[in-house]
Amino acid sequence: MSGKNEVPVVYFVERGLYKARVNHLMKLAEKSKLVDYRKDFSSDVSHVIAQDLSRQQALEYLRKVKKVKQITDEESLQFVTVDWFVSCMKEKRIVTLTEGHRLKSDSGESCPPTKRLKVKEERTIPMYACQRSTPLKHANKLFTDALEVLEEHAMFRGDASAESRSLAFHRGSATLKCLPARISCEEDLRNLPHIDVGNSSKPGHCKRVILDILSYGQSSEVEEILRSDFYNSMKVFTGIFGVGPQTARKWFHDFKLRTLRDVKNSSSVHLNKDQRFGLEYYDDLNRPLPVGEARNFETLIRQYAEEIQPDIEITLVGGFRRGKPMGHDMDLLITHKEDGKEKILHKLLHKLQDRIIYSDKKAGSVNQPYSARPGSTMDHFEKCYGIFKIDTVKGDGSWTARRVDLIVVPYSQFAFALLGWSGSRHFEREIRRYAKSEKQMVLTSHGLYSSDGTSHPASSEEEIFDLLGLKYQKPCDRNC
Ligand code: 8DG
Ligand code: CA
Ligand code: CA
């Protein structure tokens, strides 16, 4: 501990604070000149700063995660909350430490009482994600990010159980996303669907990962994946439009490729048409697409479409309809009150021809609602998967290559297509599973059918939820 007149030397515990915030706090410390800081814990640290941790948890983090062998003079080391540091910065002086500023001691209580997730004895969280509200922003990102890495890694590996393993991770993560507060101790996991599974001596995989993060601030399994060549190369390869895990695996294992440059220089790789465009526009297509850019393009499409057919309706769906500020592509539904209008997509693409880099048109067969693979979101609408030159929001004539899906929907099927294309993919999977298992009905992007084939029409999403006996979930609550 520094002497009375010395500048405090602070160390921020990343667990609970997140890396970006720690970086921000270190910048504040540097600018203020009030305190010194250490990126790595060292013997001259006087104040350990943490959030939502007990003193013991912070110590355990230093020892187990940061591998600090010996903490000299532990007694005089101050364990303080980030609020103390923020007060110092605000008041531009070293604020006297009060009891409220100190990290609490465990004293048998494993969760900080103020931030506890209210675990009611009778708490029941519905099993299906379509029965729950899942907002975009939630309190458990630290855990869901980790589970999403495991989900993705399972798909990358692609072994026999890949789909069920990745689905199990997604289900666990989806449960966490609907919780109103952050998980802060094991007890908070009690009765959570898809997480509190297994038995007490052998918890399920999701639970194990969450418990690791609670104890050590991170999951060693996830950290190892994130560091692996396999995961990082698979991320890059599957980022190429037209390249799925199977092709990427072949490149990694059989051709020993690791980077984009390796792919470009390889004589073993034979790219198809999609992949050639994917590689050529790799940077553009992997740049997050802002909602403003999508809205501008929607307006342009509407203008062109109305020139063809005045009563046409254009709706931006997918993640943007769920309130996402960024997306990976644009999904636009095109519908018109009079069914049977011919060649709308053809005429629209003609008007857009100067902007088309690539287009793959699929003919529709809208009267075959059953032929889709169960659980699949593929449908039979006439559509175009394309890559278009889209104006950037700068308004200076610059453009970015973007993926756009244009889907032509008969008016009578619009509500079902709207529900089917608004996602999330997991929400779609869950509402279809619910319809099948709980109601013995088949839900597709074309309609809702009883097991004897009777069709149940609907003119709005609310009606579809009603027909299924489900509480309506707004698009912004379908982010599971
Ligand atoms: P993002 O682009 O913001 O990353 O996310 P997103 O908008 O949620 O994902 P998406 O991959 O663009 O998919 C949007 C929705 O569209 C999703 O719920 C699944 C659905 N979807 C397809 N292809 C097809 C299809 O052929 N038929 C139907 N009905 N839905 C499809 O992606
Ligand atoms: Ca999308
Ligand atoms: Ca899409």
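Below, all heavy atoms of this structure are taken into account, side chains as well, without hydrogens, waters or symmetry copies. What you see is a predicted model, and the numbers here were worked out from it, not measured in a lab. Nothing fancy with the numbering, it's 1 onward along the sequence.
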Taking atom [atom1] of [X] as the centre, report whether more than 12 heavy atoms of other residues, nucleotides or ligands fall under 6.0 Å from it.
{"X": "Lys471", "atom1": "NZ", "result": "no"}
{"X": "Lys436", "atom1": "NZ", "result": "no"}
{"X": "Gln246", "atom1": "CD", "result": "no"}

Quiz item: Angle class for the Tyr472/Phe465 ring planes (parallel below 30°, perpendicular above 60°, tilted otherwise)?
Solution: perpendicular

Which heavy atom of [X] sits nearest to which heavy atom of [Y], and what is that distance?
{"X": "Lys273", "Y": "Ser359", "answer": "NZ-O, 4.5 Å"}
{"X": "Ala305", "Y": "Ile314", "answer": "CB-CD1, 3.9 Å"}
{"X": "Leu279", "Y": "Lys264", "answer": "CD2-CG, 3.8 Å"}
{"X": "Gln275", "Y": "Gly242", "answer": "NE2-O, 3.0 Å"}
{"X": "Asp159", "Y": "Arg157", "answer": "OD2-NH2, 2.6 Å"}
{"X": "His456", "Y": "Ser450", "answer": "NE2-OG, 2.5 Å"}

When you measure from the side chain of [X] to the backbone N and O of [Y], does any donor-acceptor pair fall under 3.5 Å?
{"X": "Thr144", "Y": "Ser173", "result": "no"}
{"X": "Thr335", "Y": "Val409", "result": "yes"}
{"X": "Asp262", "Y": "Arg258", "result": "yes"}
{"X": "Gln131", "Y": "Pro126", "result": "no"}
{"X": "Asp212", "Y": "Val209", "result": "no"}

Mind checking what makes ring-ring contact (aromatic ring centres under 6.0 Å, His included) contact with [X], not counting sequence neighbours?
{"X": "Tyr281", "result": "none"}
{"X": "His205", "result": "Phe169"}
{"X": "His270", "result": "none"}
{"X": "Phe156", "result": "Tyr231"}

Quiz item: Hey, mind stepping through Lys362 and His380 against side-chain contact (heavy atoms from CB on, under 4.5 Å) and telling me if it holds?
Solution: CA-CA 9 Å; Lys362 305 275 181 209; His380 305 279; over 6 Å; no

Does [X] reach the side chain of [Y], with side-chain heavy atoms less than 4.5 Å apart?
{"X": "Asn479", "Y": "Lys177", "result": "no"}
{"X": "Phe416", "Y": "Thr444", "result": "no"}
{"X": "Leu285", "Y": "Phe277", "result": "no"}
{"X": "Pro410", "Y": "Phe381", "result": "yes"}
{"X": "Asp331", "Y": "Asp329", "result": "yes"}
{"X": "Val236", "Y": "Ser233", "result": "no"}

Could you tell me whether [X] and [Y] make a salt bridge, using a distance below 4.0 angstrom between a side-chain N and a carboxylate O?
{"X": "Arg295", "Y": "Glu298", "answer": "yes"}
{"X": "Asp284", "Y": "Arg402", "answer": "no"}
{"X": "Lys347", "Y": "Glu307", "answer": "no"}
{"X": "Asp229", "Y": "Lys256", "answer": "no"}
{"X": "Arg190", "Y": "Glu187", "answer": "yes"}
{"X": "Arg227", "Y": "Glu224", "answer": "no"}
{"X": "Lys250", "Y": "Asp254", "answer": "no"}
{"X": "Arg208", "Y": "Glu221", "answer": "no"}

Quiz prompt | With Asp283 via side chain to side chain contact (heavy atoms under 4.5 Å, CB included) - residues at least two apart | solution = Arg287

Exercise. Step by step, work out the salt bridge (charged side-chain N to carboxylate O under 4.0 Å, His left out) result for Glu163 and Arg429.
Key: CA-CA 13 Å; Glu163 276 196 34; Arg429 195 162 43 202; over 6 Å; no

Quiz item: Run the salt bridge (charged side-chain N to carboxylate O under 4.0 Å, His left out) check on Glu60 and Arg15 step by step: do they pass?
Solution: CA-CA 11 Å; Glu60 190 178 60; Arg15 171 181 167 192; 5.2 Å; no

So how far is it from [X] [atom1] to [Y] [atom2], rounded to the nearest 0.5 Å?
{"X": "Ser219", "Y": "Asp145", "atom1": "OG", "atom2": "CG", "result": "12.5 Å"}
{"X": "Leu142", "Y": "Ile210", "atom1": "CG", "atom2": "CD1", "result": "10.0 Å"}
{"X": "His336", "Y": "Gln309", "atom1": "NE2", "atom2": "CD", "result": "7.0 Å"}
{"X": "Leu345", "Y": "Lys383", "atom1": "CG", "atom2": "NZ", "result": "10.5 Å"}

Quiz item: In this structure, which one of Lys31, Lys39, Arg38 forms a side chain to side chain contact (heavy atoms under 4.5 Å, CB included) with Met26?
Solution: Lys39

Is there a donor in the side chain of [X] and an acceptor in the side chain of [Y], or the other way round, less than 3.5 Å apart?
{"X": "Asp379", "Y": "Trp421", "result": "yes"}
{"X": "Arg21", "Y": "His24", "result": "no"}
{"X": "Thr299", "Y": "Asn296", "result": "no"}
{"X": "Ser166", "Y": "Glu151", "result": "no"}

Exercise. Check the pair Val48 / Val13 against side-chain contact (heavy atoms from CB on, under 4.5 Å), numbers first and verdict last.
Key: CA-CA 7 Å; Val48 173; Val13 176; 3.5 Å; yes

Quiz item: Using the benzene-type ring in the case of Trp, are the ring centres of Phe252 and Phe230 under 6.0 Å apart?
Solution: yes

Quiz prompt | Row check, Phe427 ring normal vs Arg478 NZ/CZ: under 6.0 Å, within 45° | solution = yes

Exercise. Please list all pairs passing the ring pair (Phe, Tyr, Trp, His ring centres under 6.0 Å) test where one or both residues lie in residues 283-304, with sequence neighbours left out.
Key: Phe297-Phe388

Quiz item: When you look at Val222 and Leu150, which way does the side-chain contact (heavy atoms from CB on, under 4.5 Å) test go after all the steps?
Solution: CA-CA 7 Å; Val222 172; Leu150 294 170; 3.9 Å; yes

Practice problem: Using the salt bridge (charged side-chain N to carboxylate O under 4.0 Å, His left out) rule, take Glu152 and Lys235 through it: C-alpha gap first, then chi angles, then the decisive distance, then the call. | Solution: CA-CA 9 Å; Glu152 199 175 26; Lys235 268 294 245 204; 2.8 Å; yes

Quiz prompt | Candidate pair Arg63 and Lys69, rule side-chain contact (heavy atoms from CB on, under 4.5 Å), full reasoning | solution = CA-CA 6 Å; Arg63 289 191 177 119; Lys69 290 218 170 54; over 6 Å; no

